[in-house]
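Right, one structure below, let's go through it.
The residues of the chain are indexed from 1 along the displayed sequence.
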Amino acid sequence: MSKKDEKTNVMRLLEQKKLRYEAYNYEKLGLTNGKEIAEALGEDPDRVFKTLVTVGKTKEHYVFVIPVCAELDLKKAAKAVGEKSLAMLPQKELLPLTGYVHGGCSPVGMKKSFPTVLHETAEQYETILFSGGKVGFQVEIAPSSLKKLIRFSFADVTVDQ
């Protein structure tokens, strides 16, 4: 990435912790669909993840990072975090809660730290890609490196396909 390329807060945080990552900017393509983004980057969609924020019956918030083509199974997700039930966070609440807009939400650098679950398939990849914290940006990092920045667990939290 050249010096003139834009850096997001996610990238700055990764650099602060001296974590190796790759950054991708697809901003000019105007893509928002995860599968299309994976294809544009030449990546396997199973290795490209989206970040979803939920709210539990207890009013606690939880973050789930799942493959872009998968669908979050709210029952499995609730079980993974010890909640009776979960609901997706209403879109209008995302920015005030996390500091991120829809389509640019990253598990790294949220305003507050929330319990986070990565889909269990993330463990099988050397590196995974997820939002760089702004629409049009992705970062690629090893899950083992990500552990140095945020606390998370692995679980099967998607709808069986």
Original post:
Are F64 and V81 close enough, and set up right, to give a side chain to side chain contact (heavy atoms under 4.5 Å, CB included), and what steps lead you there?
Top reply: CA-CA 10 Å; F64 294 91; V81 296; 3.9 Å; yes
Got a donor-acceptor contact below 3.5 angstrom from the [X] side chain to the [Y] backbone?
X: R20; Y: I141; answer: no
X: K76; Y: T158; answer: yes
X: K79; Y: V157; answer: no
X: T98; Y: L94; answer: yes
X: K134; Y: G104; answer: no

Got a second to check how far [X]'s [atom1] is from [Y]'s [atom2], nearest 0.5 Å?
X: T8; Y: F137; atom1: OG1; atom2: CZ; value: 7.0 Å
X: I66; Y: D46; atom1: CD1; atom2: CG; value: 11.5 Å
X: Y21; Y: M11; atom1: OH; atom2: CE; value: 5.5 Å
X: Y125; Y: F49; atom1: OH; atom2: CZ; value: 6.5 Å
X: E39; Y: E43; atom1: CD; atom2: CD; value: 12.0 Å
X: L29; Y: E36; atom1: CG; atom2: CD; value: 10.0 Å

Original post:
ring-ring contact (aromatic ring centres under 6.0 Å, His included) with Y62: which residues, sequence neighbours excluded?
Top reply: none
Original post:
Who pairs with Y26 by ring-ring contact (aromatic ring centres under 6.0 Å, His included), at least two apart in sequence or on another chain?
Top reply: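 Scan of Y26 (ring-ring contact (aromatic ring centres under 6.0 Å, His included), adjacent residues dropped) gives none.
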**OP:** Tell me who clusters with V101, hydrophobic residues only, linked when side chains sit under 4.5 Å apart either directly or through other members.
**Re:** L95, V135
Would you say [X] and [Y] are hydrophobically clustered, going by side-chain heavy atoms of ILVMFWY under 4.5 Å?
X: V117; Y: L149; answer: no
X: L52; Y: V63; answer: no
X: F130; Y: L72; answer: no

Specify the closest pair of heavy atoms between [X] and [Y], including all atoms of both residues, with the distance to one decimal.
X: P143; Y: A122; answer: CG-O, 3.4 Å
X: V48; Y: A38; answer: CG2-CB, 3.8 Å
X: G56; Y: L86; answer: CA-CD2, 3.6 Å

For a 4.5 angstrom cut-off between non-hydrogen side-chain atoms, does [X] reach [Y]?
X: L89; Y: H61; value: yes
X: V139; Y: L129; value: no
X: L74; Y: S85; value: no
X: V68; Y: I37; value: no
X: H119; Y: D156; value: yes
X: T121; Y: F154; value: no

Show me, pair by pair, the donor-acceptor contacts under 3.5 angstrom made by side chains of residues 105-114, not counting sequence neighbours?
from: S106; atom 1: OG; to: V108; atom 2: N; distance (Å): 3.2
from: S106; atom 1: OG; to: S131; atom 2: O; distance (Å): 3.0
from: K111; atom 1: NZ; to: P96; atom 2: O; distance (Å): 3.1

Original post:
Do any pairs count as a salt bridge (charged side-chain N to carboxylate O under 4.0 Å, His left out) and have a residue in residues 135-151, sequence neighbours left out, and if so which ones?
Top reply: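 The answer is R47-E140.
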Original post:
Tell me, which pairs form a salt bridge (charged side-chain N to carboxylate O under 4.0 Å, His left out) where one or both residues lie in residues 55-69, sequence neighbours left out?
Top reply: none
